[in-house]
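Worksheet: one structure, shown below.
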Amino acid sequence: MTGSPAPNGEYAVVVPTLGRPCLARCLRALSEADGPGPARVVVVDDRPDPAGAPLTAAVPPSLRTRTLVVPGGARGPAAARNTGWRAAGDVPWIAFLDDDVVPGPTWADDLALDLAGASVATAGITGRIDVPLPAGRRPTDWERNTAGLARARWITADMVYRRRALEAAGGFDERFHRAFREDADLALRVLDAGWTLAEGRRTTTHPVRPAGRWVSVRLQAGNADDVLMSRLHGRDWWRRAEAPRGRLPGHLAVTAAGLAAAACALSGRPRAAAACLGGWLAGTAEFALARILPGPRTREEIVTMALTSTLIPPAAAFHWLRGHLRHRVAPPRPERAGPPAPAHPPSAGERLPS
């Protein structure tokens, strides 16, 4: 990384981490990127037990004098990012990177151009996410899921925010404990405050990380976060954030059919039980086929899709109900003191020159 940042384009980089080996790869790519380097790098150690190997070992020599490792308290990525940007010093821009991404070789140069092209009303500028998929075969369900990050709006895998906008919005909402929807929530709040968000030119690679058979079932916990988003931003937040709606209505219907089949069987109504069981089987089979057909159709993938397609609907329904119980009286997040947004029509579609 060469050169020094211009005062108006000075930035800090915040990387929350659980201490995964990919952190070293991320920081190495950051240090090797052409262009003006960050004024500071803040690594937020969000491990439940930070007594393990020190994370300073992952920091390349060229970044060590500018890197600060701070404890995150294992409170989730939203809280970790808040800890990071508040510890970053008085710099006008904060660039958030996930620890499993790889900034491109011209990332810093491209970021400098992104910042130079920002208007006074620009609160944040997103990077372009590239998810490399395997050549020579169809991607698996998990690979397709990860590839969806390339289409996500305002994703904090690579997102730079103006510090003034973060202060005015109060940062990330720490009620989002998972790496899910906390980025969309912040984006909608800064847009509502009159700022704009722009799409930048820098490119960051997000490799598909290894995942076990049941990862798609665990991801259903995000349905609780979607409930919180609806409480905070209204039921049309999907459209405003340009987020895919998903299959929750179908999952609720399939789960209801399965429960009804069991209830009818226990109450001695075999015909009704058979009808409800047929609905459950049809819904489960349709869901499994929708996931199998676009994939590689290997034996391992088919077995995984068959098993998880049975478990996903009830898992989604459970987390949806959990979200309603947990967030049934969720108030809007109070804003903190900060400078107001410049007078400017809110827009989510601002583009910087390519």
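Between R201 and D114, at least one side-chain N (NZ, or NE/NH1/NH2) sits under 4.0 Å from a carboxylate O, which counts as a salt bridge. Salt-bridge annotation for R175 and D173: present, with a side-chain N of the basic residue lying under 4.0 Å from a carboxylate O of the acidic one. The residues E143 and R209 are annotated as not salt-bridged, no charged nitrogen and carboxylate oxygen being separated by less than 4.0 angstrom.
Using modelled atom types, no side-chain atom of R128 and backbone atom of T205 make a donor-acceptor pair closer than 3.5 Å. Panel note: side chain T255, backbone P313; a donor-acceptor pair is recorded below 3.5 Å. Formation of a donor-acceptor pair under 3.5 Å by the T284 side chain with backbone atoms of L281 is not found in this model. Judged by distance alone, with hydrogens and angles left aside, the side-chain atoms of R189 form a donor-acceptor pair with the main-chain N or O of A169 at under 3.5 Å. Between the T298 side chain and the E301 main chain, a donor and an acceptor come within less than 3.5 Å of each other. Under the 3.5 Å distance criterion, the side-chain polar atoms of R231 are matched with a main-chain donor or acceptor of H327. In this structure, the side chain of N223 engages the main chain of Q220 through a donor-acceptor pair within 3.5 Å. Remark: side-chain polar atoms of E242 are not paired, donor with acceptor, to backbone N or O of W238 under 3.5 angstrom. Side-chain N or O atoms of R28 include none that pairs as donor or acceptor with a backbone N or O of V59 at under 3.5 Å. Proximity of a side-chain donor or acceptor of R66 to a complementary backbone N or O of P38 within less than 3.5 Å is detected.
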Between T308 and W214, does a side chain to side chain donor-acceptor pair (under 3.5 Å) hold up when you go through it step by step?
-> CA-CA 7 Å; T308 57; W214 310 108; over 6 Å; no
Show your reasoning for whether side chain to side chain contact (heavy atoms under 4.5 Å, CB included) applies to Y161 and L186.
-> CA-CA 10 Å; Y161 269 103; L186 178 58; 3.7 Å; yes
Can R239 and D236 be said to form a salt bridge (Lys or Arg N to Asp or Glu O under 4.0 Å), step by step?
-> CA-CA 6 Å; R239 176 187 56 79; D236 69 335; 2.9 Å; yes
Test side chain to side chain contact (heavy atoms under 4.5 Å, CB included) on V15 and D98 and set out the steps.
-> CA-CA 6 Å; V15 185; D98 285 351; over 6 Å; no
Can D158 and W107 be said to form a side chain to side chain donor-acceptor pair (under 3.5 Å), step by step?
-> CA-CA 10 Å; D158 182 355; W107 186 88; 2.9 Å; yes
Which is it for R326 and D225 under the salt bridge (Lys or Arg N to Asp or Glu O under 4.0 Å) test, yes or no, and what are the steps along the way?
-> CA-CA 10 Å; R326 181 172 184 175; D225 300 310; over 6 Å; no
Report the C-alpha separation of I125 and L197 in whole Å, then their side-chain angles, then the decisive distance to 0.1 Å, and conclude whether the side chain to side chain contact (heavy atoms under 4.5 Å, CB included) test is met.
-> CA-CA 6 Å; I125 309 168; L197 295 171; over 6 Å; no
Test L115 against R162 for side chain to side chain contact (heavy atoms under 4.5 Å, CB included), laying out the working first.
-> CA-CA 9 Å; L115 299 183; R162 193 185 295 272; over 6 Å; no
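Under a hydrophobic-cluster definition in which Ile, Leu, Val, Met, Phe, Trp and Tyr are linked whenever side-chain heavy atoms come within less than 4.5 Å, directly or via other members, I129 and L113 are assigned to different clusters. In terms of hydrophobic clustering, with Ile, Leu, Val, Met, Phe, Trp and Tyr side chains grouped at heavy-atom distances under 4.5 Å, V131 and L97 are assigned to different clusters. Hydrophobic clustering places L149 together with L133 (ILVMFWY residues linked when any side-chain heavy atoms are closer than 4.5 Å, directly or through intermediates). Hydrophobic clustering (side-chain heavy atoms under 4.5 Å, transitive across Ile, Leu, Val, Met, Phe, Trp, Tyr) keeps I292 apart from W142. Both V91 and W85 sit in one connected hydrophobic cluster of ILVMFWY residues. Membership requires side-chain heavy atoms under 4.5 Å apart, directly or through other members.
Separating the CZ atom in F176 from the CE atom in M229 is a distance of 5.5 Å, to the nearest 0.5 Å.
D185 and H233 share a donor-acceptor pair across their side chains, judged by distance under 3.5 Å alone. With hydrogens and angles left out, the side-chain atoms of T304 and R213 include a donor and acceptor closer than 3.5 Å. For the residue pair S309 and R291, a side-chain donor N or O sits within less than 3.5 Å of a side-chain acceptor on the partner. Side-chain atoms of T122 and W195 include no donor-acceptor pair closer than 3.5 Å.
In terms of heavy atoms, R64 sits closest to A57 at NH2-O, 4.4 Å. When every heavy atom of D183 is checked against every heavy atom of I155, the shortest pair comes out as OD2-CA, 3.5 Å.
The cationic group of R81 lies under 6.0 Å from the six-membered ring centre of F172 and within 45° of the ring axis, placing it in a cation-pi geometry.
T17 pairs in a side chain to side chain contact (heavy atoms under 4.5 Å, CB included) with only one of the listed residues (L55, D46, V44), which is L55.
Residue-environment remark: CZ (R235) stays at or below the threshold of 12 foreign heavy atoms within 6.0 Å.
With a 4.5 Å cut-off on side-chain heavy atoms, V254 and F287 do not count as touching. Counting only heavy atoms from C-beta outward, the side chains of L252 and W320 approach each other to under 4.5 Å. Contact of the D192 side chain with the V190 side chain is not registered, since no non-hydrogen atoms from C-beta on lie closer than 4.5 Å.
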